[in-house]
Amino acid sequence: MQKQEHRFPANRRSADNKSLSSVDAESIEIKLEIYKTLFEATSDAMMIADESTRILYVNPAFTNITGYTEQDVLGKTPKILSSGKQDIHFYRRMWRSITTNKRWQGEIWNKKKSGDVFPAWQTINVIGEKGKPAHYISVFSDISQIKKSQADLWTLAHYDSLTGLANRSLLEERIKQELATTIRFKIYGALFFLDLDNFKTINDSLGHKVGDLLLRQVADRLRRDLREEDMISRLGGDEFVIVLSNLSYDKTIASNQLKVVAEKILDLLLMPYLLEGHELRVSVSIGITLFPNNGDTFDHLLKQADTAMYAAKNSGKNTYCFFHPDMQDKVNQRLQLEKELRNALVHDYLGLVYQPQFNYHKQLLGYEALVRWQHPEQGVISPQDFIPLAEETGLIVEIGSQVLTKACEQWVAWHRAGKEVPHISVNISPKQFSASGFIDLVNDIVRSTGVDPRHIILEITEGLIVQNVKGIIEKMHALKELGLRFSIDDFGTGYSSLSYLTRLPIDQLKIDKTFVVNLGINDNDAVIVETIIGMSKHLKLDLIAEGVETWEQLEHLHRCGCDGFQGYYFSKPLGRDDI
């Protein structure tokens, strides 16, 4: 068989050329030589077929791309490249365009000699005389890398890089599709909003590497145990959203189906995780909303499920909650309260009252400073209503700073007026204590107010201590060096343990009022109180019993050895002018 260049028309000269002048002949020869060079040097595959679509010529790029040599394809039709991925209708449309327009261009899947298929961008042109085709010229290129790059970009835009789950963008697309489907077929779907409980504690104490491993394992468990048609997505952080489709046509039945799925997820995610040598159990709170309803949108549904999730958190975590309209009313009220609380901080509407602490002989031991919000329109707002909100939003850090400053200023004012106050106790929230600049903040307040720090007691809770015992102890020692003292508030309600009590630089324990109120009623509470009192005596710690309201409670506590009390039996909290 002759070499390809001898077959290329550039090396043939028709009889008509002989009649041309030598200049014209030379010009045509040069042009044909250029066409020949382009044919052989181009990186695109080129194939020329006769009027019967039998292949006459192919260029080197054709061999490079398909693996077929010229000898493999000469005399055969382009069907040798057929991948089988296009149906008969595709080829009918192609030939209609070739016949009508003398040209077709588009994306097609071709097959290599090895059997591998690849996407190609192909152009077919017809060359002929008097409307009859004489040759077909096909040019195509392998666009595998382009398709891969497009797929990679699409994946980056629609999938979470850490877990491989769908991201918010793809979730929104799916929700819009599901809303259209559920409305058309009148069948229910649902949105689950999942938030891992106490994930921040894991991240902070064990590091982000362990946190990332946990998120991947959560994603793997959900992928493994949910249906293929259910979309699982990660919004960010420890928040996951699941779209459940094709539930029942009946709302009650659909709700029951969702309860089963929710309980399954709770059990699934509560199973132990082994992460970098740490065995952890992590619960999850789930908010659920069904669709379709009037006015449903992606943002609307996400907001509903998020609201229900927070209701599950407030119900004790490790549970699920369905959304209902009353929840949104509460959310709106909460947002308004948060706005007004921020305004209260700016305009100094937060003030202090002081609850006296006495010994058995009614000698003053000190005061506990308690924050109160004097709303300009609603009057006094209870701390039970705004302190949890402040904790959740982080406003508690600024509130705590204001409370500590005002308490120190008040002690200084009393001292200058000749009123000797042994101490003022100030509650410190876990978020406030854990803040990186807390030590510097306290130091600044002590210096700016001129308070004697030996008369200020910082009250912390047991829950704070177990989060990071070593770090908490180091911070406490640094504050002790400034002269401040420490009290463990609500002792006995959390993680009471001698193992940390002996290590902490504390000065005082406070018996929680929940034990005091049951003295003489519940023997178990009496035993706990006696144990706490005995413990404090052995550790040489001061002791304050909270919530003392009756003479019987006072006498019981005194007989057990307690000699520090606060509660309505002695006095309610008082304003500074009432003391």
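FYI, the numbering just counts along the sequence from 1.
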Please answer whether the main-chain N or O of Leu270 pairs with a side-chain N or O of Arg281 as donor and acceptor at a distance below 3.5 Å.
yes
Can you tell if the side chain of Phe240 reaches within under 4.5 Å of the side chain of Asp195, non-hydrogen atoms only?
no
Answer yes or no: is there a donor N or O on one side and an acceptor on the other, between the side chain of Gln355 and the main chain of Ala369, under 3.5 Å?
no
For residues Phe323 and Leu290, determine if any side-chain heavy atom of one lies less than 4.5 Å from a side-chain heavy atom of the other.
no
Please indicate whether Arg224 has more than 12 foreign heavy atoms, meaning atoms of other residues, nucleotides or ligands, lying under 6.0 Å from its CZ.
yes
Tell me whether Lys513 at atom NZ has more than 12 heavy atoms from other residues, nucleotides or ligands lying less than 6.0 Å away.
no
Given the options Leu226, Ile286, Asp230, Val243, Phe192 meets side-chain contact (heavy atoms from CB on, under 4.5 Å) only with Ile286
What closest approach, in Å, do Asp238 and Leu215 show between heavy atoms, and which atom pair accounts for it?
CA-CD2, 3.9 Å
Is the side chain of Asp489 donor-acceptor paired with the backbone N or O of Ile460 at a distance under 3.5 Å, no angle test?
no
Report yes if some heavy atom in the side chain of Ile457 is under 4.5 Å from a heavy atom in the side chain of Leu484; otherwise report no.
no
Using side-chain contact (heavy atoms from CB on, under 4.5 Å), reason through Val218 and Leu196 one step at a time and then give a plain yes or no.
CA-CA 9 Å; Val218 167; Leu196 302 183; 4.1 Å; yes
Minimum-distance pair of heavy atoms, taken over all atoms of Ala344 and Trp373
CB-NE1, 3.4 Å
If only atom types and distance count, is the side chain of His455 paired as donor or acceptor with the main-chain N or O of Pro422 below 3.5 Å?
yes
Not counting sequence neighbours, list each pair that qualifies as a side chain to side chain donor-acceptor pair (under 3.5 Å) and has a residue in residues 526-536.
none
Out of the candidates Asp525, Asp523, Asn524, only one should pair with Asn518 under the side-chain hydrogen bond (donor to acceptor under 3.5 Å, both in side chains) rule; please name it.
Asp525
One pair to check against side-chain contact (heavy atoms from CB on, under 4.5 Å): Leu574 and Ser571. What are the steps and the verdict?
CA-CA 8 Å; Leu574 303 170; Ser571 173; 3.6 Å; yes
Run Glu549 and Gln553 through side-chain hydrogen bond (donor to acceptor under 3.5 Å, both in side chains) and show every step you take.
CA-CA 7 Å; Glu549 298 183 355; Gln553 293 168 353; 5.6 Å; no
Verify side-chain hydrogen bond (donor to acceptor under 3.5 Å, both in side chains) between Asp512 and Thr514, making sure each step is shown before the conclusion.
CA-CA 5 Å; Asp512 187 66; Thr514 56; 2.4 Å; yes
Whether the side chain of Asp507 engages the backbone of Phe486 through a donor-acceptor N/O pair (distance < 3.5 Å, no angle test) should be reported.
yes
Between Lys303 and Asp306, does any side-chain N to carboxylate O distance fall below 4.0 Å?
no
Could you check if a side-chain atom of Leu266 sits within less than 4.5 angstrom of a side-chain atom of Asn318, using non-hydrogen atoms only?
yes
May I have the step-by-step check of side-chain hydrogen bond (donor to acceptor under 3.5 Å, both in side chains) for Tyr320 and Glu263, ending in yes or no?
CA-CA 8 Å; Tyr320 61 89; Glu263 289 167 0; 3.2 Å; yes
With no hydrogens and no angle check, just 3.5 Å: does a side-chain donor-acceptor pair link Ser487 and Gln508?
yes
Measure the CD-CG distance between Gln363 and Leu365 for me, rounded to the nearest 0.5 Å.
8.0 Å
Within 6.0 Å of CZ in Arg223, more than 12 heavy atoms from elsewhere
yes
Before accepting this row, confirm whether a basic side-chain N of the pair Arg447/Asp444 lies closer than 4.0 Å to the acidic partner's carboxylate O.
yes
Calculate, to the nearest 0.5 Å, the distance between atoms CG and CG belonging to Leu541 and Leu504 respectively.
10.0 Å
Would you check if the side chain of Ser382 reaches a backbone N or O of Gln384 as a donor-acceptor pair within less than 3.5 Å?
yes
Carefully, step by step, assess Arg168 and Asp160 under the rule salt bridge (charged side-chain N to carboxylate O under 4.0 Å, His left out).
CA-CA 9 Å; Arg168 185 188 181 96; Asp160 173 49; over 6 Å; no
Could you give the distance from CG (Leu258) to CD1 (Ile265), rounded to the nearest 0.5 Å?
9.5 Å
Verify the ring-centre separation between Trp411 and Tyr354: is it less than 6.0 angstrom?
no
Is any side-chain heavy atom of Arg454 closer than 4.5 Å to one of Arg485?
no
So which atom in Arg227 and which in Leu247 form the shortest heavy-atom distance, rounded to 0.1 Å?
NH2-CD2, 4.5 Å
Could you tell me whether a side-chain N or O of His347 sits under 3.5 Å from a main-chain N or O of Tyr349, the two making a donor and an acceptor?
no
Looking at every heavy atom in both Leu519 and Ala526, which two are closest together, and how far apart are they?
CD2-CA, 3.8 Å
Backbone of Thr201 reached by a side-chain donor or acceptor of Asn198 within 3.5 Å:
no
Gap separating the CG atom of Leu213 from the CG atom of Leu274, nearest 0.5 angstrom:
10.0 Å
Got a salt bridge between Arg342 and Glu338, using NZ or NE/NH1/NH2 to carboxylate O under 4.0 Å?
yes
State, yes or no, whether a side-chain contact exists between Glu546 and Ile511 at a heavy-atom distance under 4.5 Å.
no
Leu194 vs Val241 side-chain heavy atoms within contact, under 4.5 Å:
no
What I'd like to find out is whether the side chain of Leu171 reaches to under 4.5 Å of the side chain of Asn167, using heavy atoms alone.
no
Within 45° of the six-membered ring axis of Phe433 and under 6.0 Å from that ring's centre, is NZ or CZ of Lys475 located there?
yes
Testing the basics here: between Met271 and Arg221, what is the closest heavy-atom pair and its distance to 0.1 Å?
O-NH1, 3.0 Å
Mind checking the CD1-NE2 spacing from Ile533 to His538? Nearest 0.5 Å is all I need.
12.0 Å
Would you say the side-chain atoms of Tyr569 and Glu552 include a donor-acceptor pair closer than 3.5 Å?
no
What orientation do Phe565 and Phe570 show, parallel under 30°, tilted 30 to 60°, or perpendicular over 60°?
parallel
Tightest non-hydrogen contact, residues Glu391 and Ser429, listed as OE2-CB, 3.2 Å
Looking at Gly189, is its backbone amide N or carbonyl O close enough to the side chain of Ser245 to form a donor-acceptor pair, meaning the two atoms are under 3.5 Å apart?
no
CD (Gln378) and CG (Asp385) are apart, to the nearest 0.5 Å, by 9.5 Å
Does His375 NE2 have over 12 foreign heavy atoms under 6.0 Å away?
yes
Salt bridge or not for Arg234 and Glu239, using N-O below 4.0 Å?
no
Should Asp204 and Lys200 be marked as a salt bridge (charged side-chain N to carboxylate O under 4.0 Å, His left out) after you check the CA-CA gap, both sets of side-chain angles, and the distance that decides it?
CA-CA 6 Å; Asp204 292 345; Lys200 186 177 185 302; 2.6 Å; yes
Taking Lys431 for its side chain and Leu395 for its backbone only, find out whether a donor-acceptor pair lies under 3.5 Å.
no
